[in-house]
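Whatever order the structure lists them in is the order used to number ligands and atoms, beginning at 1.
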Amino acid sequence: MDCLFCKIAAGEIPSKKVYEDELVLAFYDIEPQAPVHFLVIPKEHISGADAITSENSQIVSHIYQVIAKLSRELKLEKGFRIVTNCGEEAGQSVPHLHFHVLAGRSLAWPPG
Ligand code: AMP
């Protein structure tokens, strides 16, 4: 499958890794939008948040556990934001489920 994040998960395209286990990979975003900006992806291909089902949803709780662990390790105690863009109007540019983790500056709400 011609999927950028599948290739990153398989190590075929290099990334700046934050964390990896058998199910997920976390790596720094190539175009950071905050002083800390990394992505957490399932290694399994899921096209987006609209493709989560009762069969594959366990990965989402695992990803949130990984993010909580990384937030402690990276000392993000001042706060962080988790974002998943889904679909064209939300600005999803890579059709493989991913969770942005943004921190290190004050983040506007509501987002633009
Ligand atoms: P989204 O636009 O929400 O689908 O998020 C996709 C993100 O992937 C963007 O923030 C991009 O900067 C990021 N991105 C694209 N290619 C790479 C890459 N090779 N390594 C790291 N991040 C990437």
Check your understanding: From L25 CG over to I41 CD1, what is the distance, rounded to the nearest 0.5 angstrom?
Key ->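 Going from the CG atom of L25 to the CD1 atom of I41 covers 5.0 Å.
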**Study point:** Full working for side-chain contact (heavy atoms from CB on, under 4.5 Å) between H62 and Q58
**Key:** CA-CA 7 Å; H62 180 63; Q58 271 195 328; over 6 Å; no
Nitrogen or oxygen contacts under 3.5 Å, ligand 1 side and protein side:
from: ligand 1; atom 1: 2 (O); to: G91; atom 2: O; distance (Å): 3.0
from: ligand 1; atom 1: 2 (O); to: S93; atom 2: N; distance (Å): 3.3
from: ligand 1; atom 1: 2 (O); to: S93; atom 2: OG; distance (Å): 2.7
from: ligand 1; atom 1: 3 (O); to: N85; atom 2: ND2; distance (Å): 2.8
from: ligand 1; atom 1: 3 (O); to: H98; atom 2: NE2; distance (Å): 3.2
from: ligand 1; atom 1: 3 (O); to: H100; atom 2: NE2; distance (Å): 2.8
from: ligand 1; atom 1: 4 (O); to: S93; atom 2: N; distance (Å): 2.7
from: ligand 1; atom 1: 4 (O); to: S93; atom 2: OG; distance (Å): 3.3
from: ligand 1; atom 1: 4 (O); to: V94; atom 2: N; distance (Å): 3.1
from: ligand 1; atom 1: 4 (O); to: H98; atom 2: NE2; distance (Å): 2.8
from: ligand 1; atom 1: 5 (O); to: H98; atom 2: NE2; distance (Å): 2.9
from: ligand 1; atom 1: 5 (O); to: H100; atom 2: NE2; distance (Å): 3.2
from: ligand 1; atom 1: 10 (O); to: D29; atom 2: OD1; distance (Å): 3.2
from: ligand 1; atom 1: 10 (O); to: D29; atom 2: OD2; distance (Å): 2.5
from: ligand 1; atom 1: 12 (O); to: D29; atom 2: OD1; distance (Å): 2.5
from: ligand 1; atom 1: 22 (N); to: I30; atom 2: N; distance (Å): 3.1

Check your understanding: V40 and V18: same hydrophobic cluster, using ILVMFWY side-chain contacts below 4.5 Å?
Key ->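 Hydrophobic grouping puts V40 with V18.
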Check: residues 104-112 side-chain donor-acceptor pairs under 3.5 Å, at least two apart:
from: R105; atom 1: NE; to: Q33; atom 2: O; distance (Å): 3.1
from: R105; atom 1: NH2; to: Q33; atom 2: O; distance (Å): 2.7

Check your understanding: If you take all heavy atoms of I52 and S57, which pair is closest and at what distance?
Key ->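 Heavy-atom minimum between the residues: CG2-CB, 3.7 Å.
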Practice item. Describe, in one word, how the ring planes of F99 and Y64 are oriented to each other, choosing from parallel (under 30°), tilted (30 to 60°) and perpendicular (over 60°). Key: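 Aromatic pair F99/Y64 classed perpendicular.
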